[in-house]
Structure formats: C-alpha cells, structure tokens
Amino acid sequence: MTATVGIAQVCHRYGSFVALTDINLTIEAGSFAVLLGPSGCGKTTLLSVLGGFLMPTSGSVLLDGVDVTHVAPAKRATTTMFQDYALFPHMTLLDNVGFGLRMRGQSKKQRSNRALELLELVGLNASAAKKPHELSGGQKQRVALARALAVEPDVLLLDEPLGALDLKLRRQMQGELKAIQKRVGTTFIHVTHDQEEAMAIADQIIVMNKGKVEDHGSPESIYLNPRTAFSAAFMGEANLIEGTVESADEGFLRVSTAFGMLEVPANHNAKPAFEAGDSALLCLRPEHIHAVHDLSERYLSERYQSERSQPGPSQSGRTHRGAVMNLGQGTVVDHAFFGSHQRCQFKMQTGQHLSVHLPQAAKVASGDELPLTIDTASVILLRNE
Amino acid sequence: MHGVRRHVVNTLSAFYAVLIYGFIFLPVGVLVLFSFQDSRLPIMPFKGPTLKWYEAVLSDSRLTDSMINSFIVAMGSSVVAVLLGFLAAFGLARYVLPARGLQRALLTAPLTVSYLIIGLGLLIMFNAMGVPRSLWTIGIGHVVINTPLCFAIIYSQFGDHQVNIERAAHDLGASEWQTLWLVTAPMMMPSILASFFLALTFSWDEFIISFLLSRFDVTLPVEIWGLLRSGLNPKTNAAGSMVFLISIVLLVLAELLVFRRFNGRVNRK
C-alpha cells in the first residue's frame, strides 16, 4: 500500500538536451512529496521515469529498495494521475474506476463494489453510471484519483493534476488530496509549478531547476533556510543582495553589502560553509523589511513590530545580537493592495529595488520617501553561484 | 432602389441554385421517376406510377443473386479494409517508424490512382499468378481501393489527447492488445464506423474493378451493365434506383457518425 521511493544517480537526455542531471532522492513511505519547479525544469520527466513511461539514460529507481528501473508501467506498483485526467471516454465512471481491477482479473461484482467504495471516497458514488463528458473538471479529477487508487498502488504519481482548475476549486482540491493521502497512506508524488500549492499540501518539497534538485526539505525549512538563491526566489518572494563575507564566527557571519556591514546567522542548509572572502547573496524576504513611516503614522510600524516579536522563541537571536539594521531611505515607485498586506516597490539610494510588504493600514503613495529597516536575524545567507 | 436591387440579386441567386441542384440531381431524379413508369420504355411522357418493375427486379434471380454478391463483397472487403486501415493508422500515429511521412504518403496514394489502373493492374497480376477471377478477386480489389480511405479517415482522428488515455490503460495493467481492444478501438469507434460505411458505399456501387475482376459471379453494377446492353428498360431504372437508395442509406449513416464524432470533439474542449 505504500513504499519508499529511491532515486539513485538518475540522468536523462533527449538527444543533446539534458533533462535530468544526477538526481539522488529518497522519498519516505507514506509521505506527500511535491516536485516543484518552473516549466522545463525536468519535474515531469522525473515523474515519467518514476512511472515507468520513460527509461532514464542512466541511474535507477527503487521501490522499497527493489530496482524497478526496467519494469513496465503495467507491472510497476505505481500509478499515474495524468494532467488531462485521461479518463476512458467511452466508459462509465464505474467502469473507469474498475478498469485496473478488471485487468487484474477480478469479477464484475468484486470490482464494482470496490469502484463504488472509491467513488464514495471522492464523493461521486451517485454519478457512477455517468460518462466522463458529463462531468466538470473537478469531478473528472476526482474520478482520475479514484481510478488510480483502485489498484492500491504503493506510490501515486500526480502530474500537475490541479493545473486546469480555477483557483478556488484548486484550493479545495488541495485540501481533499491531502486528506485522502493521509487516509490511504499511499506515498504521493505530486508535480506542480505553483509554490503556494506545494506549501499547502507537501510534507516535503523537492525544488528542481534545469534538471537538477536545488533544494529538498519541509516547506518551512525551504522557505526559512533555502539551500540556494534559486530556491529562495522560487519559494515566495525574495530580495537578493550581493555581498562579501568578511568574517565567520560561531554561527554568525559578517557580510559587507551596499547597505553596509550586516551580521547575519549562518544558513546550515547552504553548503559548503562560508569562509572569509566568499561571495554571497543575502535574501531579504519582503515581510521582514519594515518601513518607518513619518512620525504621525509611526505607531503602525511599531504596532506591527510588537505583534511580530510576540511569539518569541525563534527570535531569541535578535535580542542577543540586538540587530535591527538600517537600510537607508527608499522611494516608493510602485505599490499595490493585496488584502492582508500591501506590496511596495522601493528604490533605494544605493540603486537597488526592494520589494516590501507593508501592513494593511499603512498609507503610502508613489514618491514617498521612507527609511527601511530589517531584522538581521531574518536575513538568509546564500551562495552566490 | 437599393431594396429592389437586392431583391433582383436574391432572385437570381435562388435561380442559379435551382439550376445547379437540378444539374446535379435531375439525372438521378429522372432515373428514379421512370423506374415507376407504367410502359415498356423509360421515356416521356411519364405514365404510372407502378411498382411492377421493382417486382420484376426482385423476381429476377440473376439480379437478386448479384445483389447478394454485392452485399457479400461489400461487407467482407469493408471489414478487411477498416481493420487494415485502423491498424496502419494506429501504428503510424503511436510509434516512431522509419520514413513515417513516406509510409503515410504511400498508404494514401492509391486514393489518387484511377480505378481503371488499379483494376487492370490486379487483373494482370492475378492472371500472371494463375488466380481465377471470382468474388474473392473483386473483394481484394475493393480492399485495395478502400484501405487508403479507411486509413486516411481513422488516422485523421488520432490525436495526442488520446496518448495519455492509452498510457493510463497500460499503467493500470492492460497489455498492448487489451489496450487496443478495450480502449483505443472503442475510443475511435465513430471514425471506424464512418470509414466502414463509406467503404461499404464505395464497394456497393463500384463498377470498373468488379467488371474487370469478375467472371461467373458478378456484382449488381456489373449485372445492370449487362441489362443495359439489351437497351433501356424501366427494370434497369428500378435496379439502379435500388442501388442508389442503399448507397444513400449508407452515406447518411456514415454522415451521422462523422457528425457525432465532430460534436464529441467540440464538447471535450
């Protein structure tokens, strides 16, 4: 019902195009893993390799330690949910869901019972006699899920299954997918280019770019301690500032930047460790930069600061180092209201552009000049590659 | 002024349309009309109507035998042509084959060759091989002319959107043949049926190849040609009308199925 997926030194080329380069991964049994990356990053190729539709140029795929690289999809304990659902158009939902069981030689009665069970799991048992063309996109997606789960695969591979749905339905299906995954316990490997979707459903995220794994970890660790600049910029919004490491000591590094010297915590995920003289990128998340408004509205900024510092424990480094760094004056060049926050583009005196999330109630207008600060404990140090 | 001019243009257009349709359908109309002629000659003026010529056709064992022959040849050759066309289309649509474009062109090329050339070629070849002319040779001739048609129709309906559906079938444990039989063929059924009915129609009223490749057992068009040699007669009209009626029925069936297929595609988008 579930299996650990191992990917060892997998490389794949299409002619001269290298689609996958030396992929090494382990995905724990029963976890919900997401392959995240821009289009053309190789995530779908990797999924095809896992499903058996594509033979990798080299390397191997292991299910619970058994090499299945050369096992055909029909014989492999994986099933794939295709992006376009790939339902059989001439069959009823019941026959669609029962198809895999029919191929396994189950009697009509047995497979109908099981198919109904699965249709119930996805809430479509009342439509068992319908044909796929009578369904909406979300319903088709559910049938595809039921059909794939009917054969009790060890691993379910999902190829951008929510890509064709509208935003609201996508959010709802994310919740349902995750709930069903927890219920059946099957290992799910889900491909998407939507980082919000990845964060919403994943136990672990594998960030891919140009055929390589950029980062691998829980949503939290990838967001807070990304391994590479690509990973930082792909997971959420990031302001990347160039700098040079001046000195490194016990967990804190001094980095010189256009904004002056910053003392920032070491990022244990960005390996190898930094040494003095290394070129670095500092990642400043927009929600970590604060604008100190003119005096009349300063309280907003202060209130925002005090709200943020309440949870406490994770921010203990800040009191210790006492570091709120002044970034200098910034000029608002663009701003937009995003509901829970306002997103502003600042042009700094040093020439950089910074993206900053200001509180919902902050009053800003294009051309305003505001001093910006950042809490140095929240700055992420990355290799400049 | 403007209104009058438009009126004139509309009247002329309608008149032109009547002329065109008349030109196309008048011969058929006359043929059918005089099959009901109550006299020995299918010429003006029209007398009747009567069904006696139809009675004569149906009581003429040579005509009914040839009709049955036509039916056997049409069914047999169409089934074979559809099967070959479907498998060729599947192979070319789903597998990377050497010189794919050339193979496709070679498969459809016979559509542009005249039936006379195909018939003569087969006649010479069968003679050289010592194969006696029979309903079998006619059937083979009809497979030769209809396979390219079936291939072209079915191939045009193979698309990439079905690739994942076949993959899903494999993924769920189906073998190559199971997928072909349980998923691909049913999915392609509208175009398979459409090409089958078109092949039936073409085989049903095909004359030249049937004439060249037949000997003792002949098909209906060849038999009618034999009747015509003894002069015009409302009986030949009746026989021709029956051929025409059956062709129309088959064409309407094919048309309906092609049309249904087209609607299905629109719905999916």
Side-chain angles (χ1 to χ4, degrees), chain A residues 44 47-48 50-54 71-92 95-106 111 115 131-135 137 140 143-153 155-161 164, chain B residues 82 86 89-90 93-100 153-196 256-269:
Chain A
T44 297
L47 203 76
S48 297
L50 293 176
F53 296 107
L54 201 63
V71 176
K75 302 265 156 78
R76 208 179 272 213
T78 57
T79 47
T80 300
M81 229 178 99
F82 295 92
Q83 187 170 12
D84 54 4
Y85 318 125
L87 298 177
F88 306 128
H90 56 289
M91 294 185 197
T92 62
D95 291 341
N96 260 285
V97 177
F99 186 83
L101 303 172
R102 183 175 172 191
M103 294 302 105
R104 281 158 180 74
Q106 287 199 8
R111 59 181 201 250
K131 293 262 183 85
H133 68 87
E134 299 172 66
L135 304 182
K140 283 183 192 168
V143 176
L145 179 65
R147 185 179 67 177
L149 288 174
V151 297
E152 303 189 6
V155 180
L156 183 67
L157 307 169
L158 305 99
D159 184 8
E160 305 215 21
Chain B
V82 166
F86 170 71
F90 177 74
R94 291 290 182 263
Y95 293 92
V96 181
L97 300 173
R100 202 160 145 179
I153 291 173
I154 298 172
Y155 184 79
S156 73
Q157 298 298 321
F158 266 109
D160 288 339
H161 60 279
Q162 300 139 345
V163 173
N164 275 348
I165 297 177
E166 287 165 7
R167 278 183 162 191
H170 285 304
D171 195 37
L172 292 167
S175 69
E176 192 78 31
W177 286 108
Q178 280 174 317
T179 305
L180 198 61
W181 178 245
L182 296 173
V183 175
T184 312
M187 214 159 48
M188 301 303 292
M189 201 41 85
S191 60
I192 288 174
L193 286 179
S195 64
F196 175 72
L256 280 178
L257 287 160
V258 172
F259 193 64
R260 201 184 78 185
R261 168 77 189 161
F262 183 71
N263 274 346
R265 272 159 68 96
V266 170
N267 285 343
R268 255 208 304 284
K269 275 173 188 167

(request) Sort out for me which of A:Ala72, A:Ala148, A:Ala144, A:Ala86 touches chain B most, counting heavy-atom pairs under 4.5 Å. (result) A:Ala86
(request) Measure from the side-chain N and O atoms of B:Asp171 to the backbone N and O of A:Thr80, and report whether any donor-acceptor pair falls under 3.5 Å. (result) yes
(request) Side chain from CB out, backbone as N, CA, C, O: work out which of these in A:Leu87 comes under 4.5 Å of a heavy atom of chain B, or both, or neither. (result) backbone
(request) Counting only heavy atoms closer than 4.5 Å, note whether A:Arg76 contacts chain B via side chain, backbone, both or neither. (result) neither
(request) Kindly confirm or rule out a cation-pi arrangement of B:Arg167 over A:Phe53, judged by NZ or CZ under 6.0 Å from the six-membered ring centre and within 45° of its axis? (result) yes
(request) Go through the structure and list residues passing ring pair (Phe, Tyr, Trp, His ring centres under 6.0 Å) with B:Phe86, not counting sequence neighbours. (result) none
(request) Name all pairs fulfilling the salt bridge (charged side-chain N to carboxylate O under 4.0 Å, His left out) condition that reach into residues 155-166 of chain B, sequence neighbours left out, sorted by first residue then second. (result) B:Arg94-B:Glu166
(request) Could you look at A:Met81 and say if it's the side chain, the backbone, both or neither that has a heavy atom under 4.5 Å from chain B? (result) neither
(message) Quick check on the interface: out of A:Leu101, A:Thr78, A:Thr79, who has the most heavy-atom pairs with chain B under 4.5 Å?
(response) A:Thr79
(request) Grab the two heavy atoms, one from B:Gly173 and one from A:Ala74, that are nearest each other, plus how far apart they are. (result) CA-CB, 3.8 Å
(request) Could you tell me whether the side chain of A:Phe88 reaches within less than 4.5 Å of the side chain of B:Leu182, counting heavy atoms only? (result) no
(request) Would you give the length of the straight line joining atom NE2 of A:His90 to atom OG1 of B:Thr184, rounded to the nearest 0.5 angstrom? (result) 8.5 Å
(request) Side-chain contact test, heavy atoms from C-beta onward, threshold under 4.5 Å: evaluate it for B:Gln178 versus A:Met103 and give yes or no. (result) yes
